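Working notes, structure below.
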Amino acid sequence: MRFLKIQLRVPQVSILRPGILTLTFLLAFLAIPAHAQHFNGERAYEYAKDFAGIGPRWVTSQGHAKAEAYLHAHFQRDALEEDTFMADTPIGPVNLHNFIVRFPGKKSGVIVLASHYETNYPLRNINFVGANDGAATTGLLMAIADRLRPQVAGGKQLDGYSVWLVFFDGEEAFQSWSQSDSTYGSRHLAAKWDRDGTLKKIKAFLLTDMIGDKELDIQRETNSTSWLVDLVRRSAHKFGYDKHFFQTEEAVEDDHLPFVKRGVPCIDIIDLDYGPNNSYHHTVQDTMDKVSPRSLTIDGDVILETIKLVNER
Ligand SMILES: [Zn+2]
């Protein structure tokens with residue numbers, strides 16, 4: 001991913017009197033039903049740790065082959081499709097592999113949850129494991145699959161729209177980020193799904209990127225579709241997670257853009273601010289100790305609630 005412009009501070013309400021503040025907290029608390037079951041961020045974290053444990057997963061590496069095998073094994077009992085294609089890159093033609101896991105729903109239409117799983121190619125000479133940049137959201141989607149799988153057991157269907165998990169390959173640039181050297185997997189899949197009519201079925205496309213960060217501050221990404229941003233905001237509010245969402249704005253180039261360009265409602269749920277002065281991003285510092293189960297719980301709660309709201313829309 002690459003961000004396009006300097007962040008704008010979203011105006012904050014700062015004139016709340018203490019009494020109102022107490023009431024706000026009380027209301028936020030009351031908004032959570034006692035029976036609400038939180039998403040299992042611990043499990044997402046364990047998956048992410050396992051996946052990051054494969055090591056560097058840059059395209060054409062042994063680690064990448066292991067990551068492919070890992071996804072195959074993990075989703076062997078699910079409806080898994082491997083979408084293999086040849087990409088033209090600055091290092092020549094390479095084989096890339098997107099993975100799609102489908103959980104069918106009773107309603108006609110699809111909600112896509114996506115992430116990328118490979119690590120940055122230009123960092124191949126350092127031990128860059130992409131704990132937050134790739135592994136955290138891969139683990140997050142695996143744990144979401146754990147919530148969906150029992151609902152489709154024995155040939156059953158989800159109550160609402162189908163949910164498809166997409167693990168993109170080739171998000172990162174091979175040399176330096178440009179329109180032609182980035183987002184290979186998503187550009188390929190968006191074009192393919194445009195040709196075969198699949199895009200028309202997509203009700204919402206939620207991209208997740210780098211949101212395992214302990215200090216979770218998800219920006220409002222300005223290429224994203226505003227009604228979908230609003231649903232995510234409402235979902236976050238339901239759980240009292242407001243402070244982690246949309247305090248600042250950024251325009252980001254990421255795997256959602258090929259879908260945005262084709263008119264699919266999209267949101268990039270991304271936290272660009274990783275470590276002091278962003279010092280963990282694309283460095284050997286991007287390790288599992290910077291990722292937290294709590295952040296993954298917040299992400300999972302909000303994504304599952306957003307799926308519900310998209311269905312009610
Ligand atoms: Zn990256």
Side-chain angles (χ1 to χ4, degrees), residues 1-5 7 48-49 51-61 63-64 67-68 71 87 89-91 94 96-99 113-141 166-189 206-219 221 223-224 250-258 267-291 295-296 299:
M1 107 8 256
R2 176 175 80 170
F3 61 98
L4 298 172
K5 64 183 185 209
Q7 65 186 34
K49 194 170 147 196
F51 201 71
I54 293 170
R57 305 173 298 282
W58 41 275
V59 173
T60 71
S61 69
H64 193 285
E68 291 167 43
L71 291 171
T89 77
I91 64 160
V94 292
L96 295 181
H97 310 258
N98 294 326
F99 291 88
L113 310 179
S115 163
H116 78 95
Y117 70 93
E118 98 289 10
T119 55
N120 186 286
Y121 185 85
L123 302 178
R124 66 195 177 284
N125 296 321
I126 63 168
N127 187 34
F128 176 75
V129 300
N132 190 34
D133 192 357
T137 45
T138 300
L140 175 65
L141 296 195
V166 176
F167 300 86
F168 284 125
D169 200 359
E171 182 266 345
E172 305 274 7
F174 284 83
Q175 259 170 8
S176 65
W177 189 283
S178 69
Q179 299 252 332
S180 59
D181 186 16
S182 67
T183 61
Y184 293 90
S186 56
R187 283 190 287 129
H188 161 80
L189 194 64
L206 285 75
L207 178 65
T208 59
D209 200 1
M210 306 202 299
I211 51 174
D213 185 5
K214 263 184 185 165
E215 317 251 316
L216 189 64
D217 47 346
I218 292 165
Q219 289 79 29
E221 196 286 307
N223 294 306
S224 300
E250 309 255 5
V252 182
E253 291 181 355
D254 207 345
D255 280 325
H256 62 319
L257 283 193
I267 181 168
D268 188 9
I269 305 175
I270 186 165
D271 177 356
L272 294 159
D273 180 23
Y274 187 35
N277 299 314
N278 203 25
S279 53
Y280 302 158
H281 180 233
H282 282 184
T283 70
V284 285
Q285 304 271 26
D286 185 2
T287 46
M288 284 309 292
D289 53 309
K290 320 297 191 315
V291 171
S295 294
L296 293 166
D299 301 335

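Just so you know, ligand 1 is whichever comes first in the structure, and atom 1 is the first atom listed for that ligand. Since this is a predicted model, take the numbers as computed values, not measurements.
- Across Glu171, Arg57, Glu172, a single residue satisfies side chain to side chain donor-acceptor pair (under 3.5 Å) together with Asn120, and that is Glu172.
- With 2.8 Å as the limit, His282 counts as an N, O or S neighbour of the Zn ion (ligand 1).
- In Glu172, the N, O or S atom that comes nearest to the Zn ion (ligand 1) is OE2.
- Remark: the Asn277 side chain and the Ser279 side chain contain no N/O donor-acceptor pair separated by less than 3.5 Å.
- Contacts of Tyr184 classified as side chain to side chain donor-acceptor pair (under 3.5 Å), with partners at least two apart in sequence or in another chain: Asp181.
- Residues satisfying the ring pair (Phe, Tyr, Trp, His ring centres under 6.0 Å) test with His281, not counting sequence neighbours, are none.
- Sorting the N, O or S atoms of Asp133 by how far they are from the Zn ion (ligand 1) puts OD2 first.
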